[in-house]
Each structure stands twice: as C-alpha cells, then as structure tokens.
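Note that these values count all heavy atoms, side chains included, but never hydrogens, waters or copies made by symmetry.
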Amino acid sequence: MVESWSFLDTAESNFRPLVVIELAKGTKEETIQWFTKRIVDKKADGGAQLLIKPLVTENGVENIYLVGASHLRLLLGAETVGLVKECSDNSMRTFTYSSRKTFKHFADNNHDFLTMAECQYIIKHELENLRAKNEKIIPGYPQAKLYPGKSIVRRLLTSGILVQIFPLHDREELKKLSHNWYGRVKVGYQPLDDIRCYFGETIALYFGFLEYFTFALIPMAVIGIPYYVFAWEDYDKYVMFATFNLLWSTVILEVWKRMCAILTYRWGTLLMKRQFEEPRPGFHGVLGINPVTGREEPVYSSIKRQLRIYLVSLPFVCLCLYFSLYVMMIYFDLEQWALDYHKENESNFSSLMLYVPSIIYAVVIEIMNRIYRYAAEFLTSWENHRLESSYQNHLILKVLVFNFLNCFASLFYIAFVLFDMKLLRQSLATLLITSQILNQFAESLLPYWLQKRYNRRMKKRMCSKKTDVDLSLAEQVNMEKEMGTYLGTFDDYLELFLQFGYVSLFSCVYPLAAVFAVLNNITEIYSDALKMCRVYKRPFAEPTASIGVWQLAFETMSVISVVTNCILIGMSPEVDALFPDSKMDLVLTVALVEHLLLAIKFIMAFVIPDKPREIQMKLAKLEFESLEALKQQVRAFQIQLHFLLIHH
C-alpha cells in the first residue's frame, strides 16, 4: 500500500469535480495557497494527493474550489476507508488494490466501479484526515492555532475561514433517480439500491425503514377499521386487538433487524470495520497527549463534563419537563371551557369548538419541541463531548425524554387520572393528525416552496445574462451552495418514533391510528424524496450497518405499550365487572397478564435471529478465511525469520 502512493500522479487531464469547497470572502491569498498546496501534495509529504481547481465565473475566480481525484487515487482511497465490494464469486470482501481484479465489474478503464457517492465519501475522508505537521498557526491567521496531528479542515471550519464543504449533484443521475423514485405515483417498492448509490447507506436505510414500517402498519390498519366501525364502545372486544398489537410491535422490530442485515450485507456496510473516532470539530480543551493514539490533541476533564451535565443540563431538562406539564394543565382548562360552552349552546359550532383545544395544544407541542431541540443542541455542545457518537447519544436522550413527555403526558393523564376514554380518543386523533400535517408542511412543503422561489430568481438572472439557460458547472455550483443543508435523519426517525407511540401506546382505544399513520407515511415517502432531490444540498454518504440507537428507542416504546394497553384493558367496565369483590385480584391479574405478554415479547425477540442463516453462514465463512489468511501470514513470517537465522 505504501509503495502504491509513490507512483500515483496527481495530474489528470479528464478532471471530474466531485466536491465543492467554499472559503470565506476575503480569505487571505497565503492561506489559500497553503491550503490548496496541502490538498495536492503527495501522501508521503503529508498531503491528500487530490486534484483541485478554482471555480471560474463571469466575475473571475471566486473563493470556491472544485476537488476531484484520479481513478487510481480513488481506488487506493477505497482501500484506506475499508469499502466492501462484491467479488466475482458473489461474496462480499473488503476492497484492496492488490486484489482488485477479483472484484466483480472491475476493469482498469471502468470508472463506474466506485459509485459517485463512494468517491465523494473517500474525498471527504481524505480532506478530514489532512493534518498539521509542524505548523503552529494557519498562515495569515495567527489566532487560528494548530498543533501536530490537528485536522486542518476542522480548524478552518471552527475559525470561519472555511464556509462549507459539500458534494456536487450529478444532474443526469439525479433526474433518473427522481423519475424512478417520486416522479410517478405507483404502487411498489422504492429503488433502495439506486438511493444507496446516490445518497449513501444512511439515507437509503432510513427510506428502507420508512417503507418497511409503512407496510408493517397495513395489517394493523386493516384490522383496526372493523374494530372502529363495529366495536366502538365494547372495550372487552379490544383485548384481542391489543394483544395482536403487542405481538405485532415485537415481530416487526425483530424482522426489521433481519431486513436491515440483508440490505447492509448487500451494500457491504455490514462487514465494514468501525473507524477510529476523531475528536469532533466543536471539542476544545488544553493540549495534552491522547493515551490511545499518542498524538497531541485537546484534553478536557471528564469531571468538568459530568458537572456540566448533572448541575446544568439535567436541571434545565427537568425545568423544561415541568413547563411542559404546566402547559398541559392549561390545555385541560381549555378542554373544560370548551365542554362547558358546548353544554350551554348545543350547536354545530359548539361541537366543532370541542376540537379547538386539542388542535391548539398540538400546535403548541410542535413549537415547544422545536424550541427545545435548539436548546438541547446548545446544551449538548456546551457539555463539550469529545466524540461525535457521545454527542449524538446525549442529544438523542435529551430530545427523546422531552418529546415523549410533551407528546404523550396529556394522553396518560386523560387515561389514568381522568379515566375519560372518549376524551382520550378525541385527543389522540387530534394530536396525531395535527402533528402529521404540521410536520409535512414544516419539513417538506415550506422548504420546497422557498427553494423553488430561489431557483426561479436564479434562472431569471441567468436568462438575463445569456440565452442558453442550461446549467453550466459554475451556475450549478452557485445554485447548490445556496440550498439548505440536510442535517441528517435525526428528525425523520424522531417523527416515526412518535408516530409509533401514537399507534402502539393506546391501540385499544383508537384503532384508526394505524390508518392515519399509513396515509401519512405514503405521502412522507414522496415528500422526503422530493426534499432530498430538490430542496437540500447533496449530503455526503455515511456508511452504516443499522439504524443505531433508534432500534433501542422503538423497542423501549413497544415495552411501554404493553404496560399501557394492559392497564387500559384492566380499567374497562367489562373487565372490572369480573372482579366485583376484590380490586386487588384485578390488579394482580392485570400485572400477571402484563408480565406474561412481556415474557412472550422477550422470548420472540430471542427466538427470531437478527440475521438470516444464509448471511450468518457467509459471515462465518469470511471470518474463517480471514483467520486462515492470518495464519498463513504468520507462517510465512516464521519461515522468513528461520531462513534469516540460518544464514546469519
């Protein structure tokens, strides 16, 4: 591998721009020259050995640069990041340049062996691993300190010198993907492999989960309709429905693990080795030595971080939870006012007024969720976590706790304090439908409308300058750099998590929840596809082997749903009538049933394998071959050592 870099040429006549780097206006010339030189320098000299060209527009050279790489450089980069590709024998193996001929569809003149998303991911990896050598500061900016081993790109970002780095869209491929994905209304599966090739595994896996979850909801929706129509007030008839719901929630999550394993094995990410995590860009501290890498980097006391978490973040979250409960009590005052108004007037208008408090409360919930999200991000950043994974875990925990209480506290209060099943049905339906409408508007329709307005203004400006309105490279870059940045799948998974809660927690009270969830998810697939292709800049591909911590979040919600549904069924008049003499017997019976259902859930989770047997066998075979190859290497080394000892 080391020998390969020496003959790698950085010049390539057929330059293909893949990534855009935008520097701040007024960036000093010496900084630009130093940064671009480090990008094109050979690996042996501490460079990234990539290709870079300035973007030339009608106004001359702007502070925008296009980055690409030679075909050979990308292949060697694929080995560095550990990409897994399909071999000629249909097995999946980690790509190495020395064994490139054994991989399916490989040819020296085939530049499509690596997808564009993979090429952009390789360039991003190389840019982020461009590290300072002996520099103490960024040339031209003495306040921007450097130290050996510090990521140059991350320092440029935190110093405000580097505005953004983003991958370019491929207009032709995007047009084909858009047509197959959302360009026509059809009943069928999404082109997940095409989505993965264009946007990467993380986004493809989200859309795979969204599609799977939508199909999984259909049985619940089909069964829920007749229950809603024919057994509206007979809660004892909901026992079978609730039991089915509880088993369903376990089965779909376990089957999803198998589906996820199939997809990620096919895409190669199931076999990818986890990369060593570098400090996140916002991490700061005094310079010290990392005991793992031996490199000099910022060090921050874990005691200080824990103090910030427990003395500031935790009290703030508790205060927010208290405020959420206070707003909830105001909502119940409004509900009482609407009920009194309806009793006095008994008109169609007063009947409609019964739904107004729930609608207002649903809007307030969405506003509070979004405001709290910004506060949670600020607090989590202030806690100064070293790793991105630690930052994400703390952020997700903060957001999930607040969102769960904010969205479901009123429903728990109505069910277990007020014992008002009619109000529970009304509130659940209103909250679910209103939140779905607001999310569709805020996440897709509004950004799409704003982006369309901007594109229209840009095209008018282009048409006034020249007759040819086809996008040139400069125009494409200038249009894309103004597009919004996709912040990841966090909000998308959060929306599905809350929807899963609405469907599963109180299924025996409102069976139609699954119907509205299916309808929402069908439109969600199209609106999310639209925003990925038309509203946001193209995100960098991020390899992943699962949906991560969200799997645990969904499983936790399904456990909570067992408890809530068992208590709701135990509270029904029909079940209560079975225990006229002793309420303690009722409580013990409900607790026994709840424990039995939980036991069944955990047994099913244990019995259903996370990976299909075929994939288990393939993984075991690869592990065996890796061990055998390691043994052969050790044997060869021992023979060489023995040969050297004999000659000496």
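- Between Glu366 and Ser435 there is a side-chain heavy-atom pair separated by less than 4.5 Å.
- Taken from CG in Leu354 to CZ in Phe349, the straight-line distance is 11.0 Å, to the nearest 0.5 Å.
- Qualifying side chain to side chain contact (heavy atoms under 4.5 Å, CB included) partners for Ser546, counting only residues two or more places apart in sequence or in other chains: Cys260.
- Residues forming a side chain to side chain contact (heavy atoms under 4.5 Å, CB included) with Ala375 (at least two apart in sequence, or on another chain): Phe316.
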side-chain contact (heavy atoms from CB on, under 4.5 Å) between Ile165 and Val20, worked out:
CA-CA 6 Å; Ile165 300 178; Val20 177; over 6 Å; no
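- For the pair Arg538 and Tyr198, the cation-pi criterion (under 6.0 Å, within 45° of the ring axis) is fulfilled.
- When side chains are defined from C-beta on, Asp333 does not count as touching Gln336, because their heavy atoms never get closer than 4.5 Å.
- In this structure, Asp420 contributes its side chain and Ala415 its backbone to no donor-acceptor pair below 3.5 Å.
- Salt bridge status for Lys601 with Glu555: absent, with no side-chain N to carboxylate O gap under 4.0 Å.
- Separating the SG atom in Cys533 from the CG atom in Asp528 is a distance of 11.0 Å, to the nearest 0.5 Å.
- Thr264 and Thr544 make their closest contact through CG2-O, 3.7 Å (heavy atoms, listed as atom of the first residue, atom of the second, distance).
- The backbone N or O of Ser347 lies less than 3.5 Å from a partner atom in the side chain of Ser350, making a donor-acceptor pair.
- The shortest side-chain heavy-atom distance between Ser558 and Phe500 falls under the 4.5 Å cut-off.
- For the pair Ile365/Leu431, a side-chain contact is recorded, criterion being any heavy-atom separation below 4.5 Å from C-beta on.
- Distance check, rounded to the nearest 0.5 Å: OG of Ser410 to CE of Met329 gives 11.0 Å.
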Might you work through the ring-ring contact (aromatic ring centres under 6.0 Å, His included) test for Phe199 and Phe207, ending with a clear yes or no?
CA-CA 11 Å; Phe199 288 111; Phe207 280 100; 8.0 Å; no
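- Rounding to the nearest 0.5 angstrom, the gap separating the CG atom in Asn520 from the CG atom in Asn439 is 8.0 Å.
- Across Ala221 and Ala514, no two heavy atoms sit closer than the pair N-CB, 3.7 Å.
- Defined by atom type and a distance below 3.5 Å, a donor-acceptor pair is present between the side-chain atoms of Thr380 and Lys398.
- Judged purely by atom type and a 3.5 angstrom limit, Gln551 has no side-chain atom pairing as donor or acceptor with the backbone of Lys257.
- Without hydrogens or angle criteria, Ser178 side chain to Leu174 main chain gives a donor-acceptor distance under 3.5 Å.
- Taking the six-membered ring for Trp and the full ring otherwise, the centers of Phe554 and Trp550 sit at least 6.0 Å from each other.
- Between Arg258 and Glu254 there is no salt bridge, since no side-chain nitrogen of the basic residue lies less than 4.0 Å from a carboxylate oxygen of the acidic one.
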After noting the C-alpha distance and the side-chain angles of Ile367 and Val363, does the key distance pass the side-chain contact (heavy atoms from CB on, under 4.5 Å) rule?
CA-CA 6 Å; Ile367 294 171; Val363 174; 3.9 Å; yes
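- In Phe323, the CZ atom is not crowded: 12 or fewer heavy atoms of neighbouring residues, nucleotides or ligands sit closer than 6.0 Å.
- Under the 3.5 Å distance criterion, the side-chain polar atoms of Trp248 are left unmatched by any main-chain donor or acceptor of Ser504.
- Between Glu201 and Arg196, at least one side-chain N (NZ, or NE/NH1/NH2) sits under 4.0 Å from a carboxylate O, which counts as a salt bridge.
- Residues Arg534 and Met483 approach most closely at O-CE, 3.3 Å, considering heavy atoms.
- Across every non-hydrogen atom of Pro167 and Glu480, the tightest pair is O-OE1, 4.1 Å.
- Aromatic pair Phe412/Phe408: centroids not less than 6.0 angstrom apart.
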Given the rule in the side-chain contact (heavy atoms from CB on, under 4.5 Å) test, do Tyr391 and Glu383 qualify, once you have shown the distances and angles that lead to the verdict?
CA-CA 9 Å; Tyr391 170 86; Glu383 289 166 5; over 6 Å; no
Pair Tyr486, Ile203 - check side-chain contact (heavy atoms from CB on, under 4.5 Å), show working.
CA-CA 11 Å; Tyr486 182 66; Ile203 290 172; 4.0 Å; yes
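- Remark: the backbone N or O of Asn384 is paired with a side-chain donor or acceptor of Arg305 at under 3.5 angstrom.
- Below 30°, between 30° and 60°, or above 60°: for Tyr493 and Tyr206 the angle between ring planes is above 60°, a perpendicular geometry.
- In this structure, a donor-acceptor pair under 3.5 Å is absent between the side chains of Asn406 and Tyr372.
- Residues Thr485 and Phe166 fail the side-chain proximity criterion, which asks for heavy atoms closer than 4.5 Å.
- A pairwise comparison of heavy atoms in Cys407 and Tyr502 identifies CB-OH, 3.7 Å as the closest pair.
- Annotation: side chain of Phe497 is not in contact with side chain of Asn403 (no heavy-atom distance under 4.5 Å).
- The aromatic rings of Tyr413 and Phe332 sit tilted, their planes meeting at an angle between 30° and 60°.
- Environment of CD1 in Ile303: sparse, with no more than 12 heavy atoms of neighbouring residues, nucleotides or ligands closer than 6.0 Å.
- Pairing each heavy atom of Leu210 with each of Asn521, the nearest pair is CD1-CG, 4.0 Å.
- Atom CG of Leu379 sits about 15.5 Å away from atom OH of Tyr374, to the nearest 0.5 Å.
- Looking at Val364 and Tyr331, their side chains never come closer than 4.5 Å, going by heavy atoms from C-beta outward.
- Between Phe416 and Phe506, the angle of the ring planes lies from 30° to 60°, which puts this pair in the tilted group.
- At least one side-chain heavy atom of Ile252 sits under 4.5 Å from a side-chain heavy atom of Tyr212.
- Counting only distance, with no hydrogens or angles, the side chain of His342 and the backbone of Ala338 share no donor-acceptor pair below 3.5 Å.
- Expressed to the nearest 0.5 Å, how far CD1 of Ile414 lies from CD of Glu335 amounts to 6.5 Å.
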